[in-house]
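Everything on this sheet refers to the single structure shown next.
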Amino acid sequence: MSEKNQEGKRTARERLAQERERQRSQDRRRRTMIVAAAVVCVLGLAAVIGVIAANTKSDGKKSTAGPLLAPTGAEGKDNLAIPVGAADAPSTLTVWEDFRCPACAAFENSFRSTIHELEGSGQLRVQYHLATLIDRNLGGSGSLHAANAAGCAQDAGKFPAYHDVLYTNQPKETDDAYGKNSRLIELAQKVPGLDTTAFRSCVEEGKHDSWVAKSNDAFQNGGFSGTPTVQLNGESVFPQKGSEQISPANLKKWVTEANKGKQPGTASPSQPGSPVAPSSPVAPSSPPAGAPAEDGAPKHGHAPGTAPGTAPKKAPAAVHPSKAVPAHEAP
C-alpha cells in the first residue's frame, strides 16, 4: 500500500474518531440539560409546596387568610360598611372605629342615645367601618376578633345591640381580652337571641377576618388621622365641625340643618342592620368608668403608636387627637 493511501486512511480514522467524540460530547450535554431541567422542575414544585405549607398553620388549623366574606347586608365600596338605620334616611353618619380604642368607646358611650334617637326617627343612617389600629400598635388580636364577632352579629341581625355591648364592656386598652373568642361569645349572651350555634361557629372560625383586614387597609389608605373618625354627609364632625365642638345637642342640630326640607327615612333595610329603638335595652344606666358624660365630646384618648397614658398632642380642628400610624409609616 502506498504511503499516500496509508496517510488517507489515517486521516479518515482521525476524522471518524473526532466525529465520535463530538457525538459523545453532545450526548453528555443533552443528559446534563435534561438533569438540570428535572432539578428546576423539582425545585419549582418544592417552592409551590413551600408556599402552600407557609399558609397552613402547623397545628393543622386553617389559616386566618381565608376567603373574603362580607357580613350580610354590608354596603358601600367593596361592601366594607355595616349600616344601621333607615335605608332612605336623608343624612348619613360615617364612623371609623376600633373596638379596643378607648376614644371610640368614649364617643360611643357619650353619643349612643343621641345616635339611636336619630336612627329611630329616620333622620340618620350610620355606616360603621371597622379598623384594627390597637392590634397593630400594642400587639394582640382583640381588635380583629371583636370586629369579626361584630360581623357575625350582623349576619344574625343583631349588630346594633352587640356593637353597644362591646363598647360598654370594653377592657383596658392594654388588656387583649377581646382576643379570646370565649369572651366575645360570653358577651353575646347579653344580646337576646344572639348566642347561637351559628354565631359561635362564625366567631371561632374567624369567618370575617379577611373582610376586617380589608376594612383596616381601607382606613390606612384613606388618609384618615385616627379613630374614631366621624363624618356627617362626608364632612368631618369629630372633634368639631367648623368652629363648633361636637356634643349631643350640636349633633342633633347639625343633622336637623342638613335634613331641612327633606322627609325622614322610612325604608327599613331588607338585610340585618335595621334601626334600633332610641332606648337600647343593652345600654348601661351610666357610662363605664372613665367615660365622659353626654354633655360633650370625649376629651382624651390613646394615640396609637404612643405609650398608654401619654397625653395626646393638640391636633388640627378637624381631626381627633388620637392619631393612626399609616401602614407605610409603621415602626
Side-chain angles (χ1 to χ4, degrees), residues 62-101 104 108 115 119 124-133 135-136 141-164 166-167 178 181 184 188 191 194 196 198-224 227-236 265 267-276 324 326-327:
K62 68 168 191 165
S63 169
T64 56
L68 197 154
L69 299 174
T72 305
E75 62 183 26
K77 183 179 180 181
D78 296 326
N79 292 326
L80 296 179
I82 294 181
V84 180
D88 57 347
S91 284
T92 299
L93 192 72
T94 304
V95 181
W96 292 83
E97 60 184 11
D98 181 331
F99 285 111
R100 284 183 71 188
C101 166
C104 297
E108 291 294 341
I115 291 175
E119 290 168 347
L124 190 67
R125 180 176 181 82
V126 183
Q127 291 186 327
Y128 290 99
H129 296 259
L130 308 181
T132 57
L133 297 181
D135 285 358
R136 175 186 182 84
S141 59
S143 300
L144 171 63
H145 286 195
N148 171 67
C152 297
Q154 169 69 6
D155 290 340
K158 305 286 185 178
F159 173 82
Y162 189 63
H163 168 275
D164 292 350
L166 289 176
Y167 278 118
Y178 284 174
N181 289 331
L184 297 168
V191 179
L194 179 56
T196 63
F199 174 79
R200 289 182 174 227
S201 296
C202 182
V203 171
E204 291 169 348
E205 293 174 5
K207 177 179 178 181
H208 300 301
D209 281 357
S210 293
W211 174 82
V212 174
K214 187 170 184 178
S215 178
N216 186 66
D217 288 343
F219 177 81
Q220 296 284 1
N221 296 328
F224 303 114
T227 55
T229 289
V230 185
Q231 299 171 321
L232 178 62
N233 299 323
E235 180 182 0
S236 177
S268 297
S270 58
Q271 300 289 352
S274 56
V276 294

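Just so it is clear, the structure is predicted and the values come from calculations on it, not from any experiment.
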Smallest separation among heavy atoms of [X] and [Y], with atom names:
X      : Y      : answer
Leu130 : Ser215 : O-OG, 2.6 Å
Ala161 : Val191 : CB-CG1, 3.8 Å
Leu194 : Phe199 : O-CB, 3.2 Å
Tyr178 : Leu166 : OH-O, 2.6 Å
Pro83  : Ala74  : CD-CA, 4.3 Å
Cys104 : Pro228 : SG-N, 3.6 Å

Please round to the nearest 0.5 Å and tell me the distance separating atom [atom1] of [X] and atom [atom2] of [Y].
X      : Y      : atom1 : atom2 : result
Ser143 : Glu97  : OG    : CD    : 11.0 Å
Cys202 : Leu69  : SG    : CG    : 9.0 Å
Thr229 : Phe219 : OG1   : CZ    : 4.5 Å
Arg136 : Arg100 : CZ    : CZ    : 14.0 Å
Glu204 : Asn148 : CD    : CG    : 11.0 Å
Asp78  : Lys214 : CG    : NZ    : 3.5 Å

Is there side-chain contact between [X] and [Y], with at least one heavy-atom pair below 4.5 Å?
X      : Y      : result
Asp135 : Asp98  : no
Leu93  : Gln231 : no
Lys207 : Asp155 : yes
Asn216 : Leu133 : yes

Check your understanding: Aromatic rings Phe224 and Trp96: how do their planes relate, parallel, tilted or perpendicular, breaks at 30° and 60°?
Key -> tilted
Exercise for review: Indicate the ring-plane relationship of His208 and Trp211, choosing parallel, tilted or perpendicular according to the 30° and 60° boundaries.
Suggested key: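 Ring orientation, 0 to 90° scale: perpendicular.
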Practice item. Check whether any side-chain N or O of Tyr162 sits under 3.5 Å from a backbone N or O of Ala149 as a donor-acceptor pair, and report yes or no. Key: no
Check your understanding: Got a donor-acceptor contact below 3.5 angstrom from the Glu75 side chain to the Ala81 backbone?
Key ->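 Answer holds: no.
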Exercise for review: Could you note down all residue pairs passing ring-ring contact (aromatic ring centres under 6.0 Å, His included) where residues 68-91 supplies at least one of them, sequence neighbours left out?
Suggested key: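 Residue pairs passing ring-ring contact (aromatic ring centres under 6.0 Å, His included), neighbours aside: none found.
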Practice item. Using side chain to side chain donor-acceptor pair (under 3.5 Å) as the criterion, list what pairs up with Thr94, not counting sequence neighbours. Key: none
Check your understanding: With Asn233, which residues qualify under side chain to side chain donor-acceptor pair (under 3.5 Å), at least two apart?
Key -> Ser91
